[in-house]
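What follows is a set of notes on a single structure, which appears directly below.
A, B, ... follow the sequence lines: proteins, then strands. Residue 1 opens every chain.
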Protein chains: 2
Amino acid sequence: MGASLKDVAARAGVSVKTVSNVVNGYTYVAPHTREKVEKALAELDYRPNLSARNLRRGRTGVIALALPELDAPYFAELSRFVIDAAAERGWTVLIDQTDGLADRERQVLQGIREQLIDGLIFSPLTVGREELAARTDNTPLVLLGERILDGPTHHVAIDNQRAAREMTEHLISLGHTRIGAIGAQDNPSANTAHLRLAGYRQALEAAGLPYDDRLTPSTRSYHRADGAEVMRRLLALDEPPQAVFCFNDLLALGALRTALSAGLRVPQDVAVAGFDDIEDGRYSTPTLTTISPDKGQIARTAVELLDARIGGTGRAARRAEGDAAEVREVEADYRLIVRESTVGTAGA
Amino acid sequence: MGASLKDVAARAGVSVKTVSNVVNGYTYVAPHTREKVEKALAELDYRPNLSARNLRRGRTGVIALALPELDAPYFAELSRFVIDAAAERGWTVLIDQTDGLADRERQVLQGIREQLIDGLIFSPLTVGREELAARTDNTPLVLLGERILDGPTHHVAIDNQRAAREMTEHLISLGHTRIGAIGAQDNPSANTAHLRLAGYRQALEAAGLPYDDRLTPSTRSYHRADGAEVMRRLLALDEPPQAVFCFNDLLALGALRTALSAGLRVPQDVAVAGFDDIEDGRYSTPTLTTISPDKGQIARTAVELLDARIGGTGRAARRAEGDAAEVREVEADYRLIVRESTVGTAGA
DNA sequence: TTGAAAGCGCTAACAG
DNA sequence: CTGTTAGCGCTTTCAA
């Protein structure tokens with residue numbers, strides 16, 4: 001075990017308190033004393049023991065980021081931003097992967113890591129309002145990506161429904177009348193999917209186009225393989241769609257692959273659009289039309305909200321303020337980005 | 001602050017020790033007592049304070065994973081495996097992003113998070129043997145991906161040079177004689193790049209092909225944009241290469257994009273190969289020939305090595321054993337995966 | 001300006 | 001089988 005405050009104090013010939021003062025940059029320390037202490041500190045290569053400090057202060061400087069899978073590019077990119085934003089506040093981020101499993105998500109809410117983390121940023125896939133309300137753990141929480149209306153917690157998300165509507169309108173404006181959607185979910189608490197589907201239907205309706213549920217097959221998850229497979233089914237229909245709106249970019253990349261290897265030209269034979277604006281879609285051939293949520297803004301906002309919730313003074317104070325503070329729902333920005341997969345310029 | 005052991009003890013009418021025994025699942029506790037305690041535990045919704053426990057035990061159950069960027073798919077995929085492997089041992093993983101910056105990497109080695117983490121898994125980009133030797137922090141460390149020979153630390157990596165040679169041989173076996181390589185690095189401590197370049201040169205030499213350094217431009221980093229840009233330069237040569245071996249898949253995807261948007265057919269006009277086997281390459285069109293390191297094995301091995309190094313008994317014991325234990329260099333498996341981008345079956 | 005000492009919540013000797 | 005008690009290293013009144 002490294003040197004402790006006591007060791008340093010002994011070596012410098014002062015009290016622990018004085019060393020502590022120096023370490024924590026308190027003001028009133030005589031220059032001479034300070035010097036002695038700093039020398040001892042350096043000689044012993046002192047490093048504060050965070051467990052002890054945390055125990056005393058009642059906070060740890062660690063927050064958790066819980067998300068379905070780190071290896072889905074959208075989450076990887078988002079994590080990057082969250083970690084950076086947290087680092088600016090001197091926080092360290094610890095990652096919890098839920099795999100989108102209901103059980104694991106519930107565990108996260110109940111605070112597996114409690115007392116180790118000062119706060120939690122959580123991107124749920126399946127848990128709903130009830131689970132949230134049932135939460136007994138009172139670690140500050142900010143939700144991401146889901147829009148659980150009137151939920152009891154801070155959250156930040158884009159307007160999924162509006163974004164989906166815009167994308168569908170884009171496809172309609174291109175003259176397509178038979179438009180598929182990939183990514184509907186059977187799970188009734190898959191909020192995001194429902195909102196995107198709702199946006200899609202709204203746009204169809206507004207344009208007077210019929211809704212055909214054969215064109216909106218649900219998928220098991222949101223990976224490339226799901227998109228590839230469902231696209232095969234869509235293309236096998238008597239009347240295949242002229243365009244497909246995929247509820248995330250991975251699905252779109254999978255769908256793209258299926259279309260291209262079937263010898264179809266994209267977008268001439270079938271247009272493909274995604275959602276999330278992951279980097280892959282900027283380099284695929286054709287490049288991918290998509291909705292680009294402002295991930296940096298989402299991350300920064302989440303961290304800020306959490307910071308406000310955690311407050312400056314440890315658990316006791318937090319509890320007092322926290323409960324009083326009202327819940328905030330922040331809507332993040334997004335943009336529709338039109339690329340080759342719907343308007344095609346390249347030779348593909 | 002939640003209920004403490006003392007609170008529970010008071011409520012159950014027993015001593016703290018007994019409660020502790022129950023919480024930690026010790027054997028000799030009278031059924032009746034246990035019952036009482038468990039009731040109190042539940043009523044008070046007791047959760048152990050990890051800071052206190054850690055302080056006492058001298059370990060935290062947290063390890064750090066330090067890597068260049070979480071949003072590079074290779075690292076995202078690797079992280080996933082590391083987090084899963086760590087979870088099996090009850091460890092939590094905290095992520096440090098270095099952005100490959102020498103300063104940040106040095107900080108990581110010097111233990112920014114010391115006393116908060118029991119161990120460190122580190123995938124360095126720039127630091128070399130000297131920095132490693134100069135390390136004063138004695139948190140157990142396992143290096144990833146780099147092969148710093150005779151280094152003072154455990155590490156796990158594939159044989160980069162051999163893998164690169166195999167890939168180059170594959171391209172040669174296809175009849176290509178003018179083969180480019182994308183991803184050389186000017187930075188002399190960019191070990192991985194040098195090894196891959198060395199493997200490439202070995203293969204050329206063995207086949208009696210000349211080495212032409214105009215065909216091996218260096219890149220600033222390993223992103224899609226770098227691959228795209230360097231590929232443009234390569235294609236602008238008087239005698240452009242018939243095939244390019246990119247030192248990672250992102251470079252390859254960028255190069256692919258450049259080639260395709262220049263109207264070239266891949267692999268007929270130019271073959272492209274990558275390294276890492278990220279998921280993108282399995283769904284790009286054409287799909288990407290690549291080297292597939294066994295990421296699961298790498299992650300599991302790293303976690304195992306760390307576990308052995310941390311030992312069962314906190315810092316004191318660790319120091320004693322640790323220094324004695326010999327350094328282990330584990331070589332992970334990899335496979336050459338041939339896909340469309342070099343042997344082309346699809347219509348692309 | 002500095003020191004002494006209490007105590008954060010927990011675990012583990014040691015007794016009983 | 002259960003209780004007492006001494007710290008782990010740190011921060012923080014309270015005094016001096």
Contact check, residues 7-15 of chain A vs DNA chain C, heavy-atom distance under 4.0 Å, returns A:Val14, A:Ser15

As a check of understanding: the bend across the helix from C:dT1-D:dA16 to C:dG16-D:dC1, end axes from five pairs, rounded to 10 degrees, works out to 40°

Contact string for nucleotides 10-16 of chain C, one letter per nucleotide 5' to 3', B = base within protein heavy-atom range under 4.0 Å, S = sugar-phosphate only, - = neither, reads BBBB---

Applied to residues 92-103 of chain B, the salt bridge (charged side-chain N to carboxylate O under 4.0 Å, His left out) test, sequence neighbours excluded, yields A:Arg80-B:Asp99, B:Asp96-B:Arg113, B:Asp99-B:Arg104, B:Asp103-B:Arg106

The side-chain hydrogen bond (donor to acceptor under 3.5 Å, both in side chains) partners of B:Thr98 (sequence neighbours excluded) come to none

Whole-Å distance, A:Leu116 CG to C:dC8 P, equals 21 Å

Sorted by chain and residue number, the salt bridge (charged side-chain N to carboxylate O under 4.0 Å, His left out) partners of A:Glu105 (sequence neighbours excluded) come out as none

> Would B:Ser51 and B:Arg56 count as having a side-chain donor-acceptor pair, cut-off 3.5 Å?
Replying inline: no

Rounded to whole Å, CZ of A:Arg59 lies from C1' of D:dT11 at a distance of 14 Å

Residue pairs meeting salt bridge (charged side-chain N to carboxylate O under 4.0 Å, His left out), one or both in residues 9-21 of chain B, sequence neighbours left out, come to B:Arg11-B:Glu43

Sequence neighbours excluded, the answer for side-chain hydrogen bond (donor to acceptor under 3.5 Å, both in side chains) partners of B:Ser20 is B:Asn24

For B:Val16, the side-chain contact (heavy atoms from CB on, under 4.5 Å) test, sequence neighbours excluded, returns B:Leu5

Separation of C:dG7 atom C1' from A:Leu55 atom CG, nearest Å, is 9 Å

Sequence neighbours excluded, the answer for side-chain hydrogen bond (donor to acceptor under 3.5 Å, both in side chains) partners of A:Thr18 is A:Ser15

Atom pairs and distances, donor-acceptor, side-chain atoms in residues 31-38 of chain B, under 3.5 Å, two or more places apart:
from, atom 1, to, atom 2, distance (Å)
B:Arg34, NH2, B:Tyr26, O, 3.3
B:Arg34, NH2, B:Thr27, O, 3.4

Across all chains, not counting sequence neighbours, the side-chain contact (heavy atoms from CB on, under 4.5 Å) partners of B:Ala52 are A:Leu55, B:Asn49

